[in-house]
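Step one of this worksheet: look at the structure below.
In what follows, chains carry the letters A, B, and so on, assigned in the order in which the sequence lines appear, proteins first and then strands, with residues in each chain numbered from 1.
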There are 2 protein chains.
Amino acid sequence: MLPEEEETINLLMKLPMESLNLDAIAVVTNIYRMAQGLRNKMEQEVLAEYGLSWTSFSILYDLWIGNSIETRKLAESAGVSKPTISNITKTLERKELCYRLTDNRDRRMAYVAITDKGRGVMEDLYPKFHKREVEIASSLSVAEQKKVSGLLRALIKENNF
Amino acid sequence: MLPEEEETINLLMKLPMESLNLDAIAVVTNIYRMAQGLRNKMEQEVLAEYGLSWTSFSILYDLWIGNSIETRKLAESAGVSKPTISNITKTLERKELCYRLTDNRDRRMAYVAITDKGRGVMEDLYPKFHKREVEIASSLSVAEQKKVSGLLRALIKENNF
DNA sequence: ATACTATCGTTTCATAGCTAACGATTCTAA
DNA sequence: TTAGAATCGTTAGCTATGAAACGATAGTAT
């Protein structure tokens, strides 16, 4: 342990806490740092060329796979709020990558669908995205990749994420 | 495998890609989903009370631990851009949680430091934050927590995140 | 000394992202 | 049928976020 880490722990131990769980801290810290690096790298090195953010990309991916999806479900799938979906689909619509339509059976509902242009973008972009994905994960062996996915999946499930 | 997953794979397999690495996809997907859930939960259930975002909190934490830090290093540590640090410290300054000062030896440099009020906030907030951290990680055994941290650390290191 | 370069942090400008509030629609109960 | 509740998506208003450009300062080479 580095001396500065020791100092940090001493500071934290003075607080009114039952205990200081260093393993839990490491889990949270590493998860977030990894995700941050992942997102930044993808946005800078893959998505920037298409003017898409990580979330825009993930929404466009959902539309590509699912064809036509309720706004509400897009929010759930991407893990962001409904207003964010409104904003992003608006941006995607301006770029003519998707369009919106209203359900006539229940006029409260709005569906979002991908355009041919959007499909073209994804067909071009996805292979590049996946290539990076593979590169990033390849620091680990296949067995380790399965292991880390499994553990994260358990965390996601137990915490309802 | 679910039928819709099968369909998805069929769609992806039609693209001009050398191969489709499902393990890599699972790694990336689960990392990001976990981080998203983590951040949302913390912001809504712990940080909202103090009007802090995840990044604001992590910056204030750095200041708390390190006392006085260059803007540049804050950006590195939090994994965000320099303008973001500028904005966030400006917000924190408005709330009187931190203040800025210039280095007189090298007047290009700016340091940020935590105020007494900021220290008070952290002393109150950190135990609550840590409690949640522990709860979230407790879906896994200690051995599993160490395992997932280790694997993520390897990914972070190899990818320079 | 004087340009040229590098390094800071900030400003500008656009999108992303949240909560809260809203308007429209549908459902439900009296 | 009609008032009240529930459920959509959007709007309003704020902070967060990054790329690009900028102004100020410091280092470097001639």
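Partners of A:Glu123 under the side chain to side chain contact (heavy atoms under 4.5 Å, CB included) rule, at least two apart in sequence or in another chain, are A:Trp64, A:Arg119, B:Leu15. For B:Asp23, the side chain to side chain donor-acceptor pair (under 3.5 Å) partners are A:Lys146, not counting sequence neighbours. Contacts of A:Phe129 classified as ring-ring contact (aromatic ring centres under 6.0 Å, His included), with partners at least two apart in sequence or in another chain: A:Trp54, A:Phe57. For B:Ser141, the side chain to side chain donor-acceptor pair (under 3.5 Å) partners two or more places apart in sequence, or in a different chain, are B:Glu144. Partners of B:Tyr61 by ring-ring contact (aromatic ring centres under 6.0 Å, His included), not counting sequence neighbours, listed by chain and number: B:Tyr126. For B:Thr84, the side chain to side chain donor-acceptor pair (under 3.5 Å) partners are B:Ser81, not counting sequence neighbours. Scanning for side chain to side chain donor-acceptor pair (under 3.5 Å) contacts around B:Asp106 gives B:Arg108, with sequence neighbours left out. Take A:Arg153 and apply the salt bridge (charged side-chain N to carboxylate O under 4.0 Å, His left out) test, not counting sequence neighbours, and it matches no residue.
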- Task: Indicate for each nucleotide in nucleotides 10-21 of chain D, in 5' to 3' sequence, whether protein heavy atoms under 4.0 Å reach the base (B), only the sugar-phosphate (S), or nothing (-).
- Result: BB---SSBBBB-
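Under a 4.5 Å side-chain heavy-atom cut-off, the cluster of Ile, Leu, Val, Met, Phe, Trp and Tyr residues that includes A:Tyr111 is completed by A:Tyr99, A:Leu101, A:Met109.
Annotation: the terminal axes of the helix from C:dA1-D:dT30 to C:dA30-D:dT1 meet at 10°, where each axis is the rotation carrying the C1' atoms of four end pairs onto the next four (5 pairs per end, rounded to 10°).
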- Task: Give the intermediate values and the outcome of side chain to side chain contact (heavy atoms under 4.5 Å, CB included) for residues B:Thr55 and A:Gln36.
- Result: CA-CA 11 Å; B:Thr55 308; A:Gln36 191 93 340; 5.6 Å; no
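Taking atom CG of A:Leu101 as the reference point, atom P of D:dC8 lies 17 Å away to the nearest angstrom. We find that CE of A:Met109 is positioned 10 Å from C1' of D:dT7, with the value rounded to whole Å. Between the NZ atom of A:Lys73 and the P atom of D:dC8 there is a distance of 10 Å, rounded to whole Å.
Of all nucleotides in DNA chain C, those with any atom nearer than 4.0 Å to a heavy atom of chain A start and finish, going 5' to 3', at C:dT15 to C:dT26.
Remark: A:Arg108 is not in phosphate contact with D:dT7, judged by side-chain N or O atoms under 4.0 Å from OP1 or OP2.
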